[in-house]
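Index from 1, following the sequence. Note that the coordinates shown come from a computational prediction; the quantities given were computed from them, not determined experimentally.
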Amino acid sequence: QVRLVESGGGLVQAGGSLRLSCAASGRTISTYAMGWFRQAPGKEREFVAAINESGGSTYSADSVKGRFAISRNNAKNTLYLQMNSLKPEDTAVYYCAATSSSGIFLTERGYDYWGQGTQVTVSS
């Protein structure tokens, strides 16, 4: 069983930056593919970015490409999401997810473990 805890969310002005962290416990995540999703009020949860087990392969949604970067430090059992040039439409609860499968996964069904989420609010 993998437990995931997100942190780093908060209130930021448009154009600002935040770095989200997702600390894993219970298992080493070096063999787990991971991802970030977000859910805005009144909307369905959507894919943000994904990374494979080694960190050598990543994929981001078009809406965040060039602004957000997913990375991981397997020695620290931690996943990151660096968010730059934030926009009000990035406001959402951000969730990290993990799966014991290998590769890159773009849908919720690909993941077995989820964190509780961290709120990101971007003011205009």
Side-chain angles (χ1 to χ4, degrees):
Q1 189 80 2
V2 176
R3 181 168 180 257
L4 304 172
V5 178
E6 302 95 336
S7 61
L11 174 64
V12 63
Q13 288 188 331
S17 298
L18 282 174
R19 187 174 84 153
L20 304 184
S21 298
C22 173
S25 61
R27 295 274 179 92
T28 177
I29 61 168
S30 60
T31 59
Y32 286 70
M34 301 189 75
W36 287 98
F37 289 75
R38 67 186 181 185
Q39 186 168 22
K43 295 187 177 181
E44 294 186 352
R45 190 154 55 182
E46 65 174 3
F47 168 78
V48 175
I51 189 167
N52 72 341
E53 314 83 83
S54 68
S57 182
T58 64
Y59 188 85
S60 298
D62 287 344
S63 58
V64 305
K65 202 163 289 185
R67 300 188 299 123
F68 291 11
I70 187 172
S71 63
R72 64 193 297 162
N73 184 326
N74 286 341
K76 294 185 176 181
N77 237 29
T78 302
L79 175 73
Y80 303 101
L81 184 68
Q82 178 66 46
M83 305 187 295
N84 300 325
S85 302
L86 282 160
K87 304 175 181 180
E89 51 264 43
D90 295 319
T91 294
V93 177
Y94 284 71
Y95 300 89
C96 69
T99 174
S100 57
S101 300
S102 299
I104 294 284
F105 299 89
L106 310 187
T107 66
E108 294 183 55
R109 288 183 299 175
Y111 294 92
D112 305 308
Y113 305 100
W114 292 84
Q116 83 291 346
T118 185
Q119 176 71 47
V120 171
T121 303
V122 184
S123 63
S124 58

Practice task
Show your working on salt bridge (charged side-chain N to carboxylate O under 4.0 Å, His left out) between Asp90 and Lys87 and close with a plain yes or no.
Solution key: CA-CA 5 Å; Asp90 295 319; Lys87 304 175 181 180; over 6 Å; no
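- Here the CG atom belonging to Leu20 is positioned 8.0 Å from the OG atom belonging to Ser7, to the nearest 0.5 angstrom.
- With Asn52 contributing its side chain and Gly55 its backbone, the two residues share a donor-acceptor pair below 3.5 Å.
- The shortest non-hydrogen separation linking Ser100 to Asp112 is N-OD2, 3.7 Å.
- Each of Val48 and Val93 belongs to its own hydrophobic cluster when Ile, Leu, Val, Met, Phe, Trp and Tyr are linked at side-chain heavy-atom distances under 4.5 angstrom.
- Under the rule for a side-chain contact (heavy atoms from CB on, under 4.5 Å), the partners of Ser85 that lie at least two apart in sequence or sit in another chain are Arg67.
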Practice task
I would like to know whether Leu11 and Gln119 meet side-chain contact (heavy atoms from CB on, under 4.5 Å); could you show each step before the answer?
Solution key: CA-CA 8 Å; Leu11 174 64; Gln119 176 71 47; over 6 Å; no
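- The structure places CD of Glu44 at 8.0 Å from CD of Gln39, a figure rounded to the nearest 0.5 Å.
- Between Tyr95 and Gln116, the shortest heavy-atom contact is CE2-O, 3.5 Å.
- Heavy atoms only, all atoms of each residue included: Leu106 and Ala50 are closest at CD2-CB, 4.5 Å.
- Sequence neighbours left out, the pairs with a member in residues 8-56 that pass disulfide bond (SG atoms under 2.5 Å apart) are Cys22-Cys96.
- Contact of the Trp114 side chain with the Arg45 side chain is registered, since non-hydrogen atoms from C-beta on lie closer than 4.5 Å.
- When hydrophobic clusters are built by joining Ile, Leu, Val, Met, Phe, Trp and Tyr residues whose side-chain heavy atoms come closer than 4.5 Å, directly or via intermediates, Ile104 is not grouped with Tyr80.
- The two residues Thr58 and Ile51 have their closest heavy-atom pair at CG2-CG1, 3.6 Å.
- Looking at every heavy atom in both residues, Ala24 comes nearest to Ile29 through CB-CG2, 3.3 Å.
- Within a 6.0 Å sphere centred on NZ of Lys76, other residues, nucleotides and ligands contribute 12 heavy atoms or fewer.
- Of all heavy-atom pairs spanning Ala49 and Leu81, the tightest one is CB-CD1, 4.4 Å.
- Side-chain contact between Glu6 and Tyr94 is absent, with no heavy atoms from C-beta onward closer than 4.5 Å.
- Here CD1 of Ile70 is found 4.5 Å from CG of Leu79. Values are rounded to the nearest 0.5 Å.
- To the nearest 0.5 Å, atoms CZ (Phe47) and OG (Ser63) are separated by 9.5 Å.
- Side-chain contact between Tyr32 and Tyr113: present, with at least one pair of heavy atoms (C-beta onward) separated by less than 4.5 Å.
- Under the 30°/60° scheme for interplanar angles, the aromatic rings of Phe37 and Tyr111 are found to stand perpendicular.
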Exercise for the section: Given side-chain contact (heavy atoms from CB on, under 4.5 Å), test Leu4 with Met34 step by step and report yes or no. Expected result: CA-CA 11 Å; Leu4 304 172; Met34 301 189 75; 4.0 Å; yes
Problem - Trace of the side-chain contact (heavy atoms from CB on, under 4.5 Å) decision for Glu46 with Arg38 - result: CA-CA 5 Å; Glu46 65 174 3; Arg38 67 186 181 185; 2.6 Å; yes
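- Side chain of Thr91 to backbone of Val122: a donor-acceptor contact under 3.5 angstrom is found.
- In this structure, Glu53 contributes its side chain and Gly103 its backbone to a donor-acceptor pair below 3.5 Å.
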